[in-house]
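All values derive from a computational prediction rather than experimental measurement. Below, chain A is the first sequence line, B the second, and so on; all start at residue 1. The figures that follow rest on heavy atoms only: side chains count, while hydrogens, waters and symmetry mates do not.
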Amino acid sequence: MAVLELENVHAYYGMIHALKGVSLAVGEGEIVTLIGSNGAGKSTTLKAISGLVRPRDGRISLEGRPIGGLKAHEIAEKRVAHCPEGRKIFPRLSVRENLEMGAFVCRSTAEVKQSLEKVTELFPRLRERLGQKGGTLSGGEQQMLAIARALMMQPRILLLDEPSMGLAPVLVEQIFQIIQNLNRAGTTILLVEQNALQALQVAHRGYVIQTGNIVLADKAAHLRQNEMVRRVYLGES
Amino acid sequence: MREIAQMFPQVVVDGLTLGFVYALVALGYTMIYGVLEFINFAHSEVFMFGAFAGTEVLLALKASGLMATFTPVGSLFVSLLAGTVLTGLLGVVMEKIAYRPLRSAPRLVPLISAIGVSFFLQDAVRLVEGLWHNAFYVSAPTLFAGGWSPSPTVRIPTKSMILILVCLGIMLGLSLFVGRTKLGKALRAVAQDQATSSLMGINVDRIISLTFLIGAGLGGAAGTLFSLQYTLIHPYVGFILGIKAFTAAVFGGIGSIPGAMVGGVLLGVFEAFASAFLGPLTHGAFGAEYKDVFAFIILILVLIFKPSGLLGQSATEKA
């Protein structure tokens with residue numbers, strides 16, 4: 001059974017029909033990427049899953065149970081971690097407090113401590129800065145904090161929205177390396193990216209979204225070879 | 001000059017007493033602003049409601065003879081608890097009815113709603129008190145008479161000492177709650193980014209209710225303490241005091257909890273100084289009635305040179 005499944009999901013921003021029947025599935029242990037240009041509906045898809053946008057029609061299910069229409073905090077309780085676009089760390093909370101908020105749904109303090117231990121091992125830079133305010137971190141560090149914060153709840157699935165945005169090329173490499181490592185350690189990931197080249201390199205499967213419709217779905221390796229994908233998203237002639 | 005030097009310690013005592021009341025009320029403005037970026041203009045009436053709630057409980061204790069068994073400290077505790085909890089609950093209800101439905105409305109709309117809540121509370125209290133006591137001016141019973149005079153020119157009333165101690169205790173408790181507890185951190189997270197907080201599993205509506213519970217509760221505690229200190233209360237007692245406390249919150253940096261504490265205490269002291277010394281210093285050209293002007297001049301100066309207030313964070317922040 002798929003960890004996450006969307007069937008024919010529609011969503012609106014006011015009058016704008018942003019998702020026009022999106023269907024996709026993410027299996028256990030997979031990295032699935034959703035690629036597309038600006039305004040295609042990538043972020044909206046993630047927001048519909050995590051409850052920030054209420055889907056008007058269609059089915060969203062987590063491990064077979066419907067989660068569509070629940071509030072964002074109720075979906076987070078089910079351990080769906082959404083690492084939003086633009087990082088959105090809490091600038092006036094310390095790094096440690098940011099991470100603690102990521103584990104808000106965890107009831108036991110022992111569990112929180114364990115998660116904190118685990119993610120600071122993954123991101124040693126954060127360990128050195130636990131007492132610092134989130135807003136004082138550099139862009140790359142903030143992105144790491146955002147991912148680390150999402151991992152704190154030990155998610156069933158990690159939704160990553162443009163983790164490479166605004167980062168220097170070296171850091172982009174590093175972030176994708178981290179994503180791959182997380183996945184190897186067992187995290188199921190749905191990755192939204194404009195950087196299609198990198199995304200298709202780490203993902204197992206991919207979907208291409210255009211103006212609210214999924215237009216292509218295939219193995220990542222096949223998408224890399226696809227004529228249209230190469231022309232439009234990989235910038236090859 | 002000798003006159004001023006002699007009066008000085010007493011003025012400090014009076015200023016601190018008033019300042020701590022301002023500070024407690026300012027905390028309510030600043031907490032709600034911090035989370036919703038909304039000035040709850042009904043907070044002055046929340047304070048007034050607290051004054052009546054605490055006083056009525058005290059009067060009931062007195063009438064039933066329980067005050068004797070409770071001792072003054074016990075009576076203070078009971079009335080303070082009742083004033084705080086009842087007013088806190090009023091805050092929660094107020095948010096649910098008057099503000100929550102307007103959360104996505106333009107900014108001015110909840111402000112107007114707050115003004116409506118203000119009038120409603122003034123008149124509701126006036127009506128109830130009028131029907132009940134046949135008068136809407138109420139005198140709180142005296143709990144702590146006496147005082148302490150370390151020198152012939154200074155007298156520190158016991159009730160002032162108690163007021164200051166209670167305020168310090170409440171502030172310490174609030175700081176620990178907001179700084180150290182999981183809910184307190186969630187409150188700060190919601191103040192920074194509601195959508196992202198909800199992605200963490202934080203129930204934003206519940207945190208907003210909690211903020212109103214605490215903010216209004218602090219106003220209620222301040223009201224109860226105020227009536228014990230200054231005895232006479234009426235349904236309009238919150239108006240000027242509320243504006244002053246709002247000033248104190250802006251002065252300290254709106255949204256900042258330590259700012260509200262510092263701003264409140266400083267404003268109280270400035271005001272006491274102005275009220276006592278403006279006359280002697282200007283040879284009677286300006287009297288004590290200019291104390292409010294003086295307080296607001298200081299506010300304006302601070303805002304010109306440091307618009308974010310004494311302890312407020314600057315508006316620019318690394319994204």
Can you tell me if CZ on A/R127 sees more than 12 non-hydrogen neighbours from other groups inside 6.0 Å?
yes
For A/Y13, I'd like to know if atom OH has over 12 heavy atoms of other residues, nucleotides or ligands within 6.0 Å.
yes
Can you tell me if B/F177 has over 12 outside heavy atoms packed within less than 6.0 Å of its CZ?
yes
Does any part of the side chain of B/K185, heavy atoms only, come nearer than 4.5 Å to the side chain of A/M101, both counted from C-beta?
yes
Do other residues, nucleotides or ligands put more than 12 heavy atoms under 6.0 Å from A/K113 NZ?
no
B/R188 vs A/E97 side-chain heavy atoms within contact, under 4.5 Å
yes
Would you name the heavy atoms of A/L52 and B/A195 that are closest together and state the gap between them?
CD2-O, 3.8 Å
Verify the neighbour count for atom CD of A/Q114: are there more than 12 heavy atoms of other residues, nucleotides or ligands below 6.0 Å?
no
Could you give the distance from NZ (A/K71) to CG (B/D205), rounded to the nearest 0.5 Å?
6.5 Å
Does any non-hydrogen side-chain atom of A/R149 lie less than 4.5 Å from one of B/T196?
yes
What's the shortest heavy-atom distance between B/S198 and A/A72, and which atoms?
OG-CB, 3.4 Å
If you measure from CG on B/N203 to NE2 on A/H73, what distance do you get to the nearest 0.5 Å?
3.5 Å
Minimal non-hydrogen separation, B/K182 against A/F104, with atom names
NZ-O, 2.8 Å
Using a 6.0 Å cut-off, check whether atom CZ of B/R206 has over 12 heavy atoms from anything other than its own residue.
no
